[in-house]
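Note that the coordinates shown come from a computational prediction; the quantities given were computed from them, not determined experimentally. Naming: A, B, ... by sequence-line order, numbering from 1 per chain.
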Amino acid sequence: MAYKNFILVCGGTGCESSRSDEIYRNLLAEAEAQGVKSDVQIVKTGCFGFCEKGPIVKVLPSESFYVEVKPEDAKEIIAEQVVKGREVKRLLYRKEQKTQDSAKVEDIEFYQKQFRIVLRNCGVINPENIEEYIARDGYRALERVLFEMTPEQVIAEIKASGLRGRGGAGFPTGIKWETARKAVSDVKYIVCNADEGDPGAYMDRSTIEGDPHSVLEAMIIAGKAIGANMGYVYIRAEYPLAIERLKTAIAQAKEMGLMGKNILNSGFDFDVEIRLGAGAFVCGEETALLKSIEGNRGMPVPKPPFPAEKGLWGKPTVINNVETLANVPVILTKGAAWFASMGTEKSKGTKVFALTGKINNSGLIEVPMGTTLREIIFDIGGGIKGGKKFKGVQTGGPSGGIIVEKDLDTPISYESLVALGSMMGSGGMIVMDEDDCVVDVSKFYMAFCVDESCGKCSPCRIGTKQMYNLLDKISKGNGEMKDLENLEKIGKAMTKASLCMLGGSAANPTLSTIRHFRDEYIEHIVDHKCRAGKCKDLVVYSIDAEKCIGCGLCARKCPVPCITGEKKKPHVIDASRCIKCGECFKACKFGAVVKS
Amino acid sequence: MAKMTLEELRALRDSKRQDLARRDVEGKEIQIIVGMGTCGIAAGAKLTFDAIVEAVQRHGLEDKVVIRQTGCMGLCYVEPTVEVVMPGMPTVIYGKMTQDIADKFVRKHLVEHSLLDNHIFDRPAADIIKK
Ligand SMILES: Cc1cc2nc3c(=O)[nH]c(=O)nc-3n(C[C@H](O)[C@H](O)[C@H](O)COP(=O)(O)O)c2cc1C
Ligand code: SF4
Ligand code: SF4
């Protein structure tokens, strides 16, 4: 028995609600009716990440991609595709303004919202086998750099590509390299920043785990471009698998003569060593990171001088983020123009995001700059979990802000996110729904900054603690209206006066939530109410005696326990002992437990 | 392997590229590729890997199958993920491949040549390297 065709029906949550189940059953019935049951297998699949055009049906091996399929279309799909071996043209996906008839799934132009440059090899090659990297154009860019280009040409190419730093600040990479090239010194360094400390982010870890050579190749290229012979990867010790794969990759590259002395007989030497970070967020800041590599305590120092002029041990140093580097080999094999054709006017190429929170399809995604947040959250991400209402999305972690519904159609770029009161950051993207409380979220990020502040400068050391205290007070129902003003005042002072961007951006989550959700702050202060039910001190659980049938389920679930009552009689919560875990609320099947 | 020259690197790339295009590895025509990033491993990818090795042996297919590892495909919400490349079947990616379905997977896909319901996911983006 062998099937000739496979019909895949999208069973993702988005498509499920638009009748994919009916399509599936109709296809089965039609295959039977038209006598081709043994020629075709019909299966349900997970989400295709293109919910906007769902339900989606894909046929293999022809790779036909059908969109907005209706249950009535089943008959035609079976009759044409399975019986006659022809595509159903009217259902094929066509990108607007394109005239081609067929939409092969492989075709980038067509349906996929994601585009993978940085993650090109992740999930494709074996990261512990250098030959697989080489087979997919690996070290091809290095060949060009060593034998076909001058360092100036390499820098010109990176500049022309428009590549900007993916570690947060978005500084043009080509200009950074040029500055370091022009700095006069016998010794220079390349540093890869793989510290990745913001909560919710794991893009750099996954890149190194899935494709360590892409980063190493770029470091060697950067070395040749600026005239450095030594590189360090600064990676947090909490990433054991990434470290192990990096070590394996370094050993393989050295063994094959792609790293070390006289690379490929070109006369150029370059070595890479790993430095482990102990996990302080501030050590991701470039000047603190360099101090840490030098063996000192990781504390920022004022800029200028910038590391490109005076960095590691006082020598010119290019420090780049993992994702920034992983772009470099592709730019040099495919050309700056190819790279610059993607994205917005000032933000070129793609960006990797770690999409997490209250989202159906959480995961690691890479999209062209200029993609909208709505496309990311609702198409790729498949929308909000459990059909709840979208509240906001936090980009930039503890340094960023919340972006709300009305701004979801903004095309993503460094500038547009700053204009919305957030920032690109390194690429964490946390989706929140109606059950998340903005005061609680701001308090969480501020607590993180209090912990992570290195304490060197007072605006950050004292400011974060003061802001935390105010947020804590509001979340406990003791807030006053003037606290809001004070939060804004302190926040602005920190933003202006802190030595590094840890303090300089720590107020962002609070300031942006006050801006978009002032009414919720006021509700906490004036009405002592937390509508999401997250601020425990403002929530009271009680049992509605009218609705309670006395089943006792809540009493069994209560961990304290503080619910009493006779069987079949209304139960009561002892509010003085209740720890507000909400278990009773979740457990009661009769809606008798009330949260207020 | 010893240190290479430019010419050797180019020759290696060409020969490996042809290997990849041929799609069989070490003379074995069925490739099973398990996603083994931190997210996959946390979701049980190592257990899945072992369970697939066992199931392949149980069905007497060890001469035909190679099982490999790769990094994160980005489908964190359905880890562990497994890709299968074999003649006569479309190449597909399965998600939510916990160890308990390894046997069913080998029997249905490798032996009976049919797809598993409710486990197929799409590669999230086209390949920019493939020509
Ligand atoms: C508190 C703080 C933490 C940072 N953490 C990181 C980090 O984890 N990874 C990173 O690449 N850049 C981080 N940065 C940004 C770096 O200082 C620096 O801008 C970046 O590594 C430069 O590389 P790029 O130009 O390739 O982005 C951080 C900055 C600050 C202020
Ligand atoms: S802003 Fe904060 S982290 Fe940065 S130097 Fe000042 S105290 Fe340290
Ligand atoms: S909220 Fe938790 S502690 Fe309070 S009554 Fe309900 S189950 Fe018990």
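We find that A/Arg120 and A/Asp137 are not joined by a salt bridge, their nearest charged nitrogen and carboxylate oxygen being 4.0 Å or further apart. Ionic pairing of A/Glu132 and B/Lys16 is not present here: no N-O contact between side-chain nitrogen and carboxylate oxygen is shorter than 4.0 angstrom.
Neither the backbone nor the side chain of B/Glu7 comes within less than 4.5 Å of any heavy atom in chain A. Contacts of A/Leu258 with chain B are made by side-chain atoms alone, with heavy-atom separations under 4.5 Å and no backbone atom involved. Looking at A/Tyr24, only its side chain comes within 4.5 Å of chain B, counting heavy atoms on both sides. With a 4.5 Å cut-off on non-hydrogen atoms, A/Ile125 touches chain B through its backbone but not through its side chain. Only the side chain of A/Phe147 comes within contact range of chain B, with heavy atoms under 4.5 Å apart. A/Lys4 does not touch chain B: none of its heavy atoms, backbone or side chain, sits under 4.5 Å away. At a 4.5 Å heavy-atom cutoff, the contact between A/Leu241 and chain B is made by side-chain atoms alone. For a residue to count as touching a neighbouring chain, one of its non-hydrogen atoms must lie under 4.5 Å from one of that chain's; by this rule A/Tyr202 touches chain B with the side chain only. For a residue to count as touching a neighbouring chain, one of its non-hydrogen atoms must lie under 4.5 Å from one of that chain's; by this rule A/Val352 does not touch chain B.
The side chain to side chain contact (heavy atoms under 4.5 Å, CB included) check on A/Glu148 picks up A/Arg140, A/Arg144, B/Arg10, with sequence neighbours excluded.
Between the A/Ser266 side chain and the A/Ile263 main chain, a donor and an acceptor come within less than 3.5 Å of each other. Counting only distance, with no hydrogens or angles, the side chain of B/Gln18 and the backbone of B/Ser15 share no donor-acceptor pair below 3.5 Å.
With rounding to the nearest 0.5 Å, the separation of CG in A/Leu364 from OG1 in A/Thr207 is 6.5 Å. Here the straight-line distance linking atom SG of A/Cys122 with atom CD1 of A/Ile208 works out to 10.0 Å at 0.5 Å rounding.
Interface remark: of the candidates A/Gly260, A/Gly363, A/Gly210, A/Gly363 forms the most heavy-atom pairs closer than 4.5 Å to chain B. When each of A/Ala242, A/Ala135, A/Gly257 is scored by its heavy-atom pairs under 4.5 Å with chain B, the top score falls to A/Ala135.
The closest side-chain donor-acceptor pair between A/Glu366 and A/Thr350 falls under 3.5 angstrom.
Note: A/Phe6 and A/Tyr3 have perpendicular aromatic rings, judged against thresholds of 30 and 60 degrees for the angle between ring planes. A perpendicular orientation is assigned to the rings of B/Tyr94 and B/His119, their planes being inclined by more than 60° (bins at 30° and 60°).
Interface residues of residues 34-51 of chain B toward chain A, defined by a heavy-atom distance below 4.5 Å and sorted by number: B/Met36, B/Gly37, B/Thr38, B/Cys39, B/Ile41.
Residue-environment remark: NZ (A/Lys254) exceeds the threshold of 12 foreign heavy atoms within 6.0 Å.
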